[in-house]
Amino acid sequence: MNLDPQYNPQGKEDEIYRQWEESGMFNPDHLPERNQQGEPYCIMMPPPNRTGTLHMGHAMGMAVQDLLIRFERMRGKKTLWVPGTDHAAIATQVKVEQILIKEGMKDPRKELGREKFLERVIDFAEKSRNTMVSQTRKMGSSCDWSRERYTFDAERNRAVYELFKMMYEDGLIERGYRIVNWDPQFQTTLSDDEVLTKDVRAKLLTFTYDKNFPIAISTTRLETKFGDTAVAVHPDDERYQKYIGKIFEPVFCGKKLSITIVGDAAVDPKFGTGALGVTPAHSMIDAEIAERHSLATVPVIGKDARMLPECGSEFAGLSIEETRSKVQNMLTEQGLLQAVEEIAQALPVAERGGAPVEQLPMEQWFVRVNKPFILRQDTLEKWKKGQQTTLKELMRYAVESGQTRIVPERFEKIYFHWIENLHDWCISRQIWFGHRIPMWYCHECESKAIGRSFVLASRIGGATSLVETNSGAWFNDASKEPRFGSSVFYSEKYPLRCPRCKHDDLGGQIPFVQDPDTLDTWFSAGAWTFSALGWPDEGGWRAHRIYHPTAVLETGYDIVFFWVARMILMTTYATGQIPFRTVYLHGMVRDDQGRKMSKSLDNIINPVDMIEKYGADATRLSLVIGSTPGNDVKLSEEKIAGFRNFTNKLWNISRYILLNVKSAESDAKNPKARTLADRWILSRLNTLTKDYTAALEAYQFSRAGEMLRDFTWSELADWYVEIAKVEGGKDALLLSILKNLLHLWHPFMPFVTEEIWKTVGEKGALMVDEWPKPEKKMMDAPSEKDFSILQSLVVAIRNARSGFSVPPKELLRLTVRSGKFDALLLENMEPFKRLARVVDGGFGGKPKGAITILAQGVEVYLDLGGMIDLGKEKARLEKEIASVSQHVASLESRLGNADFVARAPAEIVEGERKKLEESKARLAALEAQLNSLK
RNA sequence: GGGCGCAUAGCUCAGUUGGUUAGAGCGCUGUCCUCACACGACAGAGGUCCCUGGUUCGAGUCCAGGUGCGCCCACCA
């Protein structure tokens with residue numbers, strides 16, 4: 001037996017993990033027979049971004065997922081936990097760019113070019129992967145490394161392309177010229193979810209375009225006004241009705257505009273002047289108005305967030321701020337500015353980088369969420385194959401039908417609310433790191449359509465301009481925007497033949513060009529549950545299909561929209577299955593003051609540091625106990641240290657038991673309960689096993705953990721082990737309880753339990769040993785009641801000793817009377833003989849110099865001899881009498897209420913009566929005690 | 001502007017469908033280095049369950065309103 005007085009996880013954990021891994025049992029195919037017969041149970045690990053290292057949020061997710069997997073594995077399910085990482089497209093590319101800039105490059109992408117730059121990104125991603133895998137191991141995660149996946153590996157790329165193809169064929173992926181969110185800093189589009197709003201103060205200016213223009217308008221974005229093509233007013237607005245339908249041609253800061261006055265109910269007549277300058281190119285709302293009234297779209301801001309030549313030579317190339325103040329000055333000079341007001345504004349900024357996001361009209365790829373399509377799948381209850389539905393409907397259906405349940409439930413509301421507001425999803429990104437869009441353009445088709453060879457068109461800036469280039473050269477030139485009409489077709493690899501013009505790639509030139517853009521990282525992430533299980537590859541998907549739908553998706557609530565919703569969309573569409581039965585959302589891990597952990601605040605707690613200092617088990621406990629789903633958790637090093645203390649406690653309980661067990665006796669099967677304490681602890685253990693298992697099934701991990709900790713510490717260690725030391729002969733019983741306890745703790749703290757397990761003399765790993773079953777026949781309410789009386793008395797005696805400052809070595813005499821409980825006491829007080837020696841007082845009264853101790857109706861006398869302090873005892877009794885009298889009074893008033901007696905359930909009333917009786921008896925006894933002191 | 005949540009001991013939080021004198025951990029006070037553990041043992045102090053009103057025999061729990069805090073969504077220009 002090699003159990004040190006203090007448990008040192010350092011060094012042991014890696015070795016234990018290595019043994020688990022070598023056993024092969026992280027892989028469901030190598031699990032014992034009992035699991036092979038079991039129900040499949042699968043969790044897909046949310047793949048962390050390959051951007052460096054794991055943080056406490058990841059650690060929390062892993063702790064919960066490993067808990068679930070270990071719990072279900074021990075219960076005999078065929079458990080698969082698939083680990084993986086996410087290429088995270090923009091996040092990783094930005095990270096690498098930042099590193100390269102720090103290393104001295106000015107514009108890494110320009111300096112390195114696409115291929116060289118990508119090499120650097122891939123290299124960084126690989127290093128990150130290695131770091132994260134090792135951190136995942138440190139946490140004790142029992143995931144199947146033989147099935148490790150990467151959102152950007154060859155098979156996932158294949159799945160992404162297949163999915164893209166399906167959606168393209170179903171008309172759900174479309175190229176469109178629309179207003180998109182443009183990040184001028186990283187020169188890429190963003191999805192709506194990647195745009196945040198920042199509260200800023202802005203100037204709301206009221207002005208007219210020129211002195212002949214009859215209507216004043218207000219704006220915070222003066223610079224966009226070069227692109228105005230209309231002024232919209234409410235159709236019922238009497239002030240402006242007479243202008244509706246008229247066209248004006250004001251000269252705005254040197255640029256001649258063509259402004260149509262339109263009536264549109266979307267305009268709020270009470271805001272500002274009640275007239276709205278319509279800028280269709282740079283505002284989604286304006287674009288909608290423009291569409292209703294067939295207005296022209298005139299872009300005036302370019303991708304570099306500078307003014308386009310259309311604004312006139314005076315403004316072309318100026319930044320937004322420069323333009324804004326210049327225009328304001330010009331308007332002031334001309335006397336056109338009527339008012340300047342400071343207002344609060346929600347400025348759209350990029351989630352990554354924080355630069356203001358511009359809205360520009362561009363040609364991009366979109367997923368159409370509201371467009372009806374013909375369903376390919378025949379597995380959904382609501383729609384048959386061949387019926388029409390929309391992606392939005394599928395998303396709603398998965399949760400509405402209860403096939404996916406979100407924990408905590410309130411996030412279902414949030415989810416539906418988000419779906420309501422969901423617009424088409426822009427999926428093309430102008431970054432280099434990611435799944436290249438599998439669409440190709442045929443120059444032959446394009447040439448035939450336009451009548452010239454190798455031509456391109458730029459649509460940024462509204463008018464189409466044609467550009468001649470050398471073959472193949474243009475698509476790396478970011479300044480040229482290819483326009484693709486009928487020439488576009490899907491191909492996973494380099495196409496050999498154009499499906500339309502049947503043109504072959506023969507002459508060594510490059511007639512086919514792939515779309516230079518890549519896919520939004522969430523496109524591939526959305527396919528995670530099924531792509532990671534081998535879809536669409538026939539063999540792979542067939543082999544893994546038993547695991548789909550997966551059991552639980554465990555992730556942070558911050559990516560419900562980014563990821564969870566999109567997984568539901570993609571999976572239901574592509575496979576006809578909902579991706580997971582339960583979504584368990586954990587909160588954000590914050591510092592002890594509730595602040596986000598960040599580098600600038602220097603308040604980051606690193607999981608690996610904590611594991612090295614306190615062990616993985618303590619770190620896991622600190623993340624799971626004391627946190628509830630969907631709520632943020634405050635973490636501090638002290639909290640982790642506290643759980644380290646507990647792991648040490650469990651270690652020492654085990655140490656005591658294992659050091660004292662005599663092997664011969666411990667071999668006895670079905671150890672029998674001999675004493676009250678034995679019956680009590682077995683009853684408690686079995687009740688606990690039942691409640692604890694139920695709590696885990698209900699995802700109440702914190703509650704389960706607290707329950708088990710309280711049992712382990714306050715019942716087993718503080719009472720039973722102490723009693724066992726004196727009563728003796730409990731080796732087999734103790735060992736059996738310990739074994740059960742190790743099982744129950746294993747999902748929370750796999751390392752220390754497995755380590756102790758090595759010493760209990762069982763074969764095989766605890767990790768796959770069978771989960772304890774609660775036995776009803778062991779649950780023994782009368783014994784629990786009797787034991788609790790004993791506990792109350794012992795506590796009362798200790799209390800008295802402490803209150804009267806009785807020296808620890810002083811032996812006291814405890815006189816019991818004849819009666820059922822007193823007989824029980826005589827039998828069971830032996831373990832507490834150091835507190836008091838019990839004597840049978842027959843039916844005699846209280847000895848002189850003794851105080852009366854009352855516990856749950858049992859009255860005994862503790863002889864304090866000369867140490868009694870009558871004043872103190874009197875004060876104590878008076879205090880207690882006051883409190884009990886109050887309780888009696890409240891019970892009497894309740895029972896005196898006729899309505900209560902008539903309307904409350906009989907058992908409640910009966911319970912109150914009984915309580916009143918007991919309290920009255922106690923009160924009488926206390927008063928008698930007090931009188932006897934006088 | 002719309003939506004969601006939170007408010008319980010000094011701190012961090014539990015408190016299931018309304019029903020004991022509202023609980024835990026940490027911290028605090030006192031005693032003890034008792035042969036598993038001082039990362040420990042024993043005992044103790046500490047609460048107007050944010051406020052107001054309502055429903056009910058009964059409210060920390062349900063309803064309405066208010067206050068304070070947090071989050072999400074949203075291009076009234």
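From a predicted model like this one, the values you see are computed outputs, not experimental measurements. Within every chain, numbering begins at 1; the chains are lettered A, B, ... in the order of the sequence lines, protein sequences first and strands thereafter.
- Side-chain N/O atoms of A:Q6 and base N/O atoms of B:C39 include a donor-acceptor pair closer than 3.5 Å.
- Here A:A232 lies out of heavy-atom contact (under 4.0 Å) with every strand.
- The pair A:R292-A:D264 meets the salt-bridge criterion, since a charged nitrogen lies less than 4.0 angstrom from a carboxylate oxygen.
- A salt bridge is absent between A:K634 and A:D592; no separation between the charged side-chain nitrogens and carboxylate oxygens falls under 4.0 Å.
- B:U12 and B:C73 are spaced 26 Å apart, taking the P atom of each and rounding to whole Å.
- Nearest-nucleotide positions on RNA chain B place A:I414 closer to the 5' end than the other of A:I414 and A:K879.
- Just one residue in the list A:F643, A:F646, A:F751, A:Y692 forms a ring pair (Phe, Tyr, Trp, His ring centres under 6.0 Å) with A:W745, and that residue is A:F646.
- If you take atom P in B:U20 and the same atom in B:U16, they sit 12 Å apart, rounded to whole Å.
- At a threshold of 4.0 angstrom between heavy atoms, the contacts of A:N897 are confined to the sugar-phosphate backbone, with no base atom among them.
- Looking at heavy-atom distances under 4.0 Å, A:V278 makes no contact with the nucleic acid at all.
- An OP1 or OP2 oxygen of B:G40 is reached within less than 4.0 angstrom by no side-chain nitrogen or oxygen of A:K649.
- Contact annotation: A:W713 does not reach the phosphate of B:G25 (side-chain N/O to OP1 or OP2, under 4.0 Å).
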In dot-bracket notation, what is the pairing pattern of RNA chain B, taking Watson-Crick (N1-N3 plus N6-O4 or O6-N4) and G-U wobble (N1-O2 and O6-N3) contacts under 3.5 Å, with [ ] crossing and | for other strands? (((((((..((((.....[...)))).(((((.......))))).....(((((..]....))))))))))))....

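- Not a single donor-acceptor contact under 3.5 angstrom links the side-chain atoms of A:R834 to the base of B:U34.
- In summary, the aromatic rings of A:Y209 and A:F213 are positioned with their centroids under 6.0 Å apart.
- To the nearest 0.5 Å, the span separating CD1 on A:I414 from CD1 on A:I406 amounts to 9.0 Å.
- Both A:G274 and A:K725 lie close to RNA chain B; mapped to their nearest nucleotides by heavy-atom distance, the more 5′-ward contact belongs to A:K725.
- For the P atoms, the distance linking B:G18 with B:C62 amounts to 8 Å, nearest Å.
- Contact annotation for A:T628: backbone-only contact, meaning every heavy-atom pair under 4.0 Å involves sugar-phosphate atoms and none involves a base.
- OP1 or OP2 of B:C42 has not a single side-chain nitrogen or oxygen of A:N799 nearer than 4.0 Å.
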